[in-house]
Number of protein chains: 2
Amino acid sequence: MRVTRQRKAILQVLRRAHAHLTADEVYAAVRAEVPRISLGTVYRNLEILATMGLIQKITTGLGPMRFDGNPERHVHLRCERCGTLEDLPMKKPFNPQEYVDPSLGHVVRGVVVEFHGLCRRCAAESGV
Amino acid sequence: MRVTRQRKAILQVLRRAHAHLTADEVYAAVRAEVPRISLGTVYRNLEILATMGLIQKITTGLGPMRFDGNPERHVHLRCERCGTLEDLPMKKPFNPQEYVDPSLGHVVRGVVVEFHGLCRRCAAESGV
DNA sequence: TTGAGTGCAAAACATTTGCACTGAT
DNA sequence: ATCAGTGCAAATGTTTTGCACTCAA
């Protein structure tokens, strides 16, 4: 894999970002550094970086995909009030085998867990 | 809410389906019964039925949304080999509080859990 | 030097919407 | 009779792709 200016800039944007960005947000941010980059290149690189495990691709079922510069395993909280997607530390790792009976013939290799509720700010503002 | 021919047919297709269908698959199936139904009507009704809790809308991050005629809470297994989405019985219920620390200010109201791996048929065929 | 990567523009795909008409109540 | 629901077609928004060109190795 070649290290291009575009690829470096995309990775940098994601690593520096506080929130988890959409492809379009990445595009906008990277343009500050590489003005002539195209949206197609952004998509291509996000796909490649995710496949290589350098970033994470998060599909949430609400709006477009988002990308997370943190490749470590962690879970997300989707705020029902403001729509943001933020990291959530887990008390203990999630073990699929606790929940699924392996004798039924299928094979469980992994699991995607996404919490939803209220983020810190919205919980405070709505006085919950 | 009115009980139209279209709405009844859509619900019936989803309740009879073994797998969890995309809007397009529902459209194709319903056309056998209501040939002049439009895709827009299918989408509108799927949205309404899901909001009313009669069906479930499942966004999986791979391909288009899928719809589940079973409104009860249960989890799904996405087969990495053939792409189907099927129901998975759980040994015990999933309790978010076991995993997430409630003292951090946010509020967890629910969780979406999706397993991935191999469905029965693919597990058997690939000899795992 | 050379082919992986790029920019551009068009295409593909899923979903939503405006509008005049229809049919369930 | 009324208006929620429908069919149609166009619009929207996201993501992918073909192709000629560029530049990292």
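In terms of heavy atoms, B:Ala123 sits closest to A:Gly105 at CB-O, 3.2 Å. The shortest non-hydrogen separation linking B:Leu54 to B:Arg15 is CD2-NH2, 4.3 Å. A:Phe67 approaches A:Thr22 most closely through the heavy-atom pair CD1-C, 4.4 Å. Residues A:Lys8 and A:Val3 share a closest heavy-atom pair of CG-CG1, 3.6 Å.
In summary, the aromatic rings of B:His74 and B:His76 are positioned with their centroids under 6.0 Å apart. Annotation: B:Phe115 is not in aromatic contact with A:Tyr99 [ring centroid separation under 6.0 Å not met].
To the nearest 0.5 angstrom, A:Leu14 atom CG is 6.0 Å from A:Leu21 atom CG.
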Detail all sub-3.5 Å separations between protein N/O atoms and N/O atoms belonging to nucleotides 21-23 of chain C.
from, atom 1, to, atom 2, distance (Å)
C:dG23, N2, B:Arg2, NH1, 2.7

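Near DNA chain C, meaning a heavy atom under 4.0 Å from it, residues 20-34 of chain B has no residue at all. Listed by residue number, there are no residues of residues 8-17 of chain B with a heavy-atom contact under 4.0 Å to DNA chain D. Within residues 42-52 of chain B, the residues approaching DNA chain C are B:Tyr43, B:Arg44, by heavy-atom distance under 4.0 Å.
Among residues two or more places apart in sequence or in another chain, the side chain to side chain donor-acceptor pair (under 3.5 Å) test is passed with B:Arg5 by none. Listed by chain and number, the residues in a side chain to side chain donor-acceptor pair (under 3.5 Å) with A:His116 amount to none (sequence neighbours excluded). When the ring pair (Phe, Tyr, Trp, His ring centres under 6.0 Å) test is applied to A:His106, no partner is found at least two apart in sequence or on another chain.
Identified under the salt bridge (charged side-chain N to carboxylate O under 4.0 Å, His left out) test for residues 19-31 of chain A, with sequence neighbours left out: A:Glu25-A:Arg66. Within the structure, side chain to side chain donor-acceptor pair (under 3.5 Å) contacts touching residues 35-55 of chain B (residues at least two apart or in different chains) are B:Arg7-B:Asn45, B:Ser38-B:Thr41, B:Glu47-B:Lys57. Residue pairs meeting the salt bridge (charged side-chain N to carboxylate O under 4.0 Å, His left out) criterion with at least one member in residues 82-92 of chain A, sequence neighbours excluded, are A:Glu86-A:Arg120, A:Lys92-B:Glu98.
Looking at heavy atoms from C-beta onward, A:Ile37 lies in side-chain contact with A:Val42 at the 4.5 angstrom threshold. In this structure the side chain of A:Val111 reaches within 4.5 angstrom of the side chain of A:Pro96, judged on heavy atoms. Looking only at side-chain heavy atoms (C-beta outward), A:Leu46 and A:Ile10 come within less than 4.5 Å of each other. Under the 4.5 Å side-chain criterion, counting only non-hydrogen atoms from C-beta, A:Asp68 is not in contact with A:Ile55.
Axis angle across the helix from C:dT1-D:dA25 to C:dT25-D:dA1, with five pairs used at each end and values rounded to 10°: 40°.
Here chain B contacts DNA chain D (any atom closer than 4.0 Å to a heavy atom, that is under 4.0 Å), and the contacts span D:dC3 to D:dC8 from 5' to 3'.
Linking Ile, Leu, Val, Met, Phe, Trp and Tyr whenever their side-chain heavy atoms come within less than 4.5 Å leaves A:Leu88 and A:Ile58 in two separate clusters.
Residue A:Leu39 is in base contact, counting any heavy-atom pair closer than 4.0 Å across all strands shown.
Residue A:Gln6 contributes atom CD, which lies 8 Å from atom C1' of C:dG5 at whole-angstrom precision.
Where B:Gly40 and B:Pro64 each meet DNA chain C at their nearest nucleotide, the meeting point lying more 5' is that of B:Pro64.
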